[in-house]
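Every heavy atom of this structure was used, including side-chain atoms; hydrogens, water molecules and symmetry mates were not. Protein chains get the first letters and strands the later ones, always in sequence-line order, with residue 1 at the start of each.
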There are 2 protein chains.
Amino acid sequence: MRRLDFQRKTRVIVVDDNYDHASGIRELINLENEYEVIANAGNANVAISLIKKYQPDIVLMDMNMPDVDGITAISKISELNLDTRIIVLTAYDDPDLIFRAMKLGAKGYILKTMASHQLIHALDEVSQGKIYLPNVLCSRFFEYFQNFEKNQQNASYEDENNLLNDLTNREEEVLSLLTQGVTYKGVAQKLFISETTVKTHVNNIFQKLQVNDRTQAVLYAINKGFLNRQKIKIAV
Amino acid sequence: MRRLDFQRKTRVIVVDDNYDHASGIRELINLENEYEVIANAGNANVAISLIKKYQPDIVLMDMNMPDVDGITAISKISELNLDTRIIVLTAYDDPDLIFRAMKLGAKGYILKTMASHQLIHALDEVSQGKIYLPNVLCSRFFEYFQNFEKNQQNASYEDENNLLNDLTNREEEVLSLLTQGVTYKGVAQKLFISETTVKTHVNNIFQKLQVNDRTQAVLYAINKGFLNRQKIKIAV
DNA sequence: AATTTTCTAAACCTAAAGATTTAGATATAT
DNA sequence: ATATATCTAAATCTTTAGGTTTAGAAAATT
């Protein structure tokens with residue numbers, strides 16, 4: 001099932017620095033009744049101005065281009081907040097590339113090595129508002145995604161060279177308040193201890209984390225995933 | 001193509017608080033030569049201790065359970081760092097649930113309404129190290145994923161009530177250095193301006209961001225996605 | 001029973017941070 | 001041409017922050 005609205009074709013812009021390749025794709029797409037390629041772009045900057053001008057339904061974007069790379073291009077296009085949907089067309093099944101493209105809002109991802117009918121299928125799916133990601137690439141994506149999330153968490157606890165593990169409970173409490181922008185006086189009041197005690201704790205924290213001031217301690221804590229899940233809050 | 005190693009069956013534990021349902025799944029799976037259900041668990045805590053004990057190849061996990069919910073259970077299981085792969089089995093195609101389950105490392109996700117052969121197919125795929133996520137659920141996932149990422153970025157720029165937009169270029173430069181834990185003196189040296197000028201800028205920044213000190217300013221910046229992409233670095 | 005951590009707290013000091021006012025120089029816009 | 005915004009900088013002052021040493025009490029280890 002394709003588009004129901006036959007009055008207006010789905011408008012596509014092809015972005016590829018290889019002219020022959022772009023022409024091939026253009027002809028392939030124009031064979032289909034539902035689609036028409038309204039423009040070609042040989043590099044990212046031309047592509048962006050064309051997209052601004054014509055606001056196409058779909059952009060077919062090659063990834064390896066001179067000057068501005070595909071990822072940056074996608075990023076800039078999605079900042080325009082148009083209804084234009086991007087399908088990535090590339091030779092590489094690099095998980096990182098897939099992950100970043102999808103993260104930036106690409107609606108489809110196909111390899112150049114894939115059969116041409118898959119390209120049309122992708123157009124069909126994406127023009128219907130779906131996401132098109134072939135199984136192989138989907139697996140690659142999740143590979144990367146789950147590793148990424150795991151690292152985000154493992155950066156926190158269990159880590160051997162995570163100096164946060166050297167902190168005592170009380171020191172963790174103090175650091176937790178520091179990461180909310182609380183002053184020594186504030187910490188003292190909240191923990192019902194004297195200000196000098198807070199200073200003692202803080203100095204111990206600095207030594208253990210090998211930093212020189214509260215800002216660096218806070219940055220260390222955030223980097224190492226201390227207070228990962230709960231959104232960082234600023235105490236007033 | 002199923003498993004190549006016929007000498008040892010793939011060992012499965014079923015976690016479902018509905019005993020009848022669990023039994024049904026057990027029988028279904030035991031019809032297959034390659035799999036054997038070695039245990040049932042009616043709640044998450046039992047499940048976790050069984051998994052610790054038997055270290056199964058695959059866990060089929062129901063999501064709506066009493067006491068400890070499925071997401072928490074997955075989280076705890078993945079903290080064990082076993083080779084056990086988790087397949088989620090639930091009645092809901094809630095995007096948030098799918099997203100969180102996959103984020104925590106679930107290798108498959110199927111709806112209870114789906115045909116039984118899909119369950120076996122999921123077991124096949126996952127036992128081969130692949131990820132099994134039916135197209136419908138995959139779309140749901142990406143829906144959520146892309147919205148999530150978009151919000152993370154939009155929290156930064158374009159936001160109306162983002163006070164960071166009020167900062168001048170120079171103030172942004174100063175703030176950027178503050179978020180690296182640089183002192184006033186350090187900022188002065190790096191920007192080739194006097195320390196008092198830095199103080200002026202900093203005070204303006206505080207007023208614009210409506211905060212009282214550098215730590216709060218840094219936290220505000222981080223929360224609003226200032227320095228989103230580049231990993232936070234501590235200057236030494 | 002003896003030792004080590006941990007939490008508490010003081011005194012004393014220096015350095016850095018932050019608040020406030022004032023002001024000159026350069027742009028940029030109206 | 002005259003506001004307006006931005007970047008610069010000084011002087012002055014108060015408040016935190018941070019460094020260092022010392023030390024008592026309680027709890028956990030060995």
Side-chain angles (χ1 to χ4, degrees), chain A residues 157 160 162-223 226 232-236, chain B residues 157 160 162-223 226 232-236:
Chain A
Y157 294 91
E160 279 301 318
N162 185 344
L163 300 173
L164 288 174
N165 293 327
D166 297 339
L167 298 183
T168 66
N169 290 335
R170 201 55 159 173
E171 285 161 358
E172 277 186 9
E173 288 183 83
V174 173
L175 179 57
S176 170
L177 289 170
L178 289 191
T179 58
Q180 293 170 45
V182 182
T183 63
Y184 289 162
K185 196 181 285 178
V187 174
Q189 283 172 0
K190 298 204 178 201
L191 297 184
F192 303 107
I193 53 179
S194 88
E195 211 176 321
T196 54
T197 306
V198 176
K199 288 188 181 185
T200 310
H201 286 313
V202 169
N203 269 296
N204 290 333
I205 291 171
F206 289 168
Q207 280 189 11
K208 287 184 179 178
L209 301 188
Q210 296 167 20
V211 296
N212 304 312
D213 56 53
R214 56 200 295 120
T215 310
Q216 293 185 353
V218 168
L219 291 173
Y220 187 94
I222 291 173
N223 267 336
F226 188 80
I232 305 164
K233 276 172 191 166
I234 304 177
V236 188
Chain B
Y157 293 93
E160 279 303 316
N162 185 346
L163 301 174
L164 288 173
N165 292 328
D166 297 339
L167 298 183
T168 67
N169 290 335
R170 202 52 159 173
E171 285 162 359
E172 278 186 8
E173 288 184 82
V174 173
L175 179 57
S176 170
L177 289 170
L178 289 190
T179 58
Q180 293 171 44
V182 182
T183 63
Y184 289 161
K185 194 179 288 178
V187 175
Q189 283 173 359
K190 298 204 179 204
L191 297 184
F192 304 106
I193 53 178
S194 88
E195 209 176 323
T196 54
T197 305
V198 176
K199 287 188 181 186
T200 310
H201 287 313
V202 169
N203 270 295
N204 291 333
I205 291 171
F206 289 167
Q207 280 189 12
K208 287 184 179 177
L209 302 188
Q210 295 167 18
V211 297
N212 304 312
D213 56 53
R214 55 201 293 119
T215 311
Q216 293 184 354
V218 168
L219 291 172
Y220 186 93
I222 291 173
N223 268 336
F226 187 82
I232 306 163
K233 275 174 193 166
I234 303 179
V236 188

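- In terms of modelled atom types and a separation under 3.5 Å, the side chain of Gln207(A) and the main chain of Asn203(A) share no donor-acceptor contact.
- We find that CG of Asn212(B) is positioned 11 Å from P of dT20(C), with the value rounded to whole Å.
- Spacing between atom CG of Asn204(B) and atom C1' of dT21(C) amounts to 13 Å, rounded to whole angstrom units.
- Between Leu191(A) and Leu177(A), the closest side-chain pair of non-hydrogen atoms falls below 4.5 Å.
- Chain B approaches DNA chain D within less than 4.0 angstrom (heavy atoms of the protein), and the contacting nucleotides run 5' to 3' from dT6(D) to dA10(D).
- With hydrogens and angles ignored, the 3.5 Å screen pairs no side-chain donor or acceptor of Arg214(A) with any backbone N or O of Gly181(A).
- Within the model, atoms CG of Asp213(B) and CZ of Phe206(B) stand 6.0 Å from one another, a figure rounded to the nearest 0.5 Å.
- Rounding to whole angstrom units, CD1 of residue Ile205(A) and P of dC7(C) are separated by 10 Å.
- Closest non-hydrogen pair, Val187(B) versus Val182(B), comes out as N-CG1, 3.5 Å.
- Rounded to a whole Å, the CZ atom of Arg170(B) is 14 Å from the P atom of dA27(C).
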For this session: Run the numbers on Val218(B) and Leu219(A) for side-chain contact (heavy atoms from CB on, under 4.5 Å), then give the verdict.
Result: CA-CA 9 Å; Val218(B) 168; Leu219(A) 291 173; 4.0 Å; yes
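- For dA19(C), the OP1/OP2 oxygens have a side-chain nitrogen or oxygen of Asn203(B) closer than 4.0 Å.
- Distances shown here put a side-chain N or O of Tyr184(B) below 4.0 Å from the OP1 or OP2 atom of dG18(C).
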Exercise. Can Gln216(A) and Leu209(A) be said to form a side-chain contact (heavy atoms from CB on, under 4.5 Å), step by step?
Worked result: CA-CA 9 Å; Gln216(A) 293 185 353; Leu209(A) 301 188; over 6 Å; no
Problem set entry | Bracket notation of DNA chain D in which parentheses pair within the strand, [ ] cross earlier pairs, and | pairs with another strand (Watson-Crick or G-U, under 3.5 Å) | .|||||||||||||||||||||||||||.|
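- Residues from residues 192-202 of chain A lying near DNA chain D, meaning a heavy-atom separation below 4.0 Å, are Lys199(A) in numerical order.
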For this session: Evaluate the criterion side-chain contact (heavy atoms from CB on, under 4.5 Å) for residue pair Leu167(A) and Val174(A); output intermediate values, then yes/no.
Result: CA-CA 10 Å; Leu167(A) 298 183; Val174(A) 173; over 6 Å; no
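- In this structure, the CD atom of Gln189(A) is 14 Å from the P atom of dA9(C), given to the nearest Å.
- Ile205(B) pairs in a side chain to side chain contact (heavy atoms under 4.5 Å, CB included) with only one of the listed residues (Leu175(B), Val211(B), Thr168(B)), which is Leu175(B).
- A search for side chain to side chain contact (heavy atoms under 4.5 Å, CB included) contacts involving Thr197(B) returns Ile193(B), Ser194(B), His201(B), not counting sequence neighbours.
- If you measure from atom CD of Glu171(A) to atom C1' of dC7(C), you get 9 Å, rounded to the nearest angstrom.
- Along DNA chain D, the nucleotide nearest Gln207(A) and the nucleotide nearest Thr183(A) are compared for position; the residue whose nucleotide lies closer to the 5' end is Thr183(A).
- Residues Val202(A) and Tyr184(A) come closest through the heavy atom pair CG1-OH, 3.4 Å.
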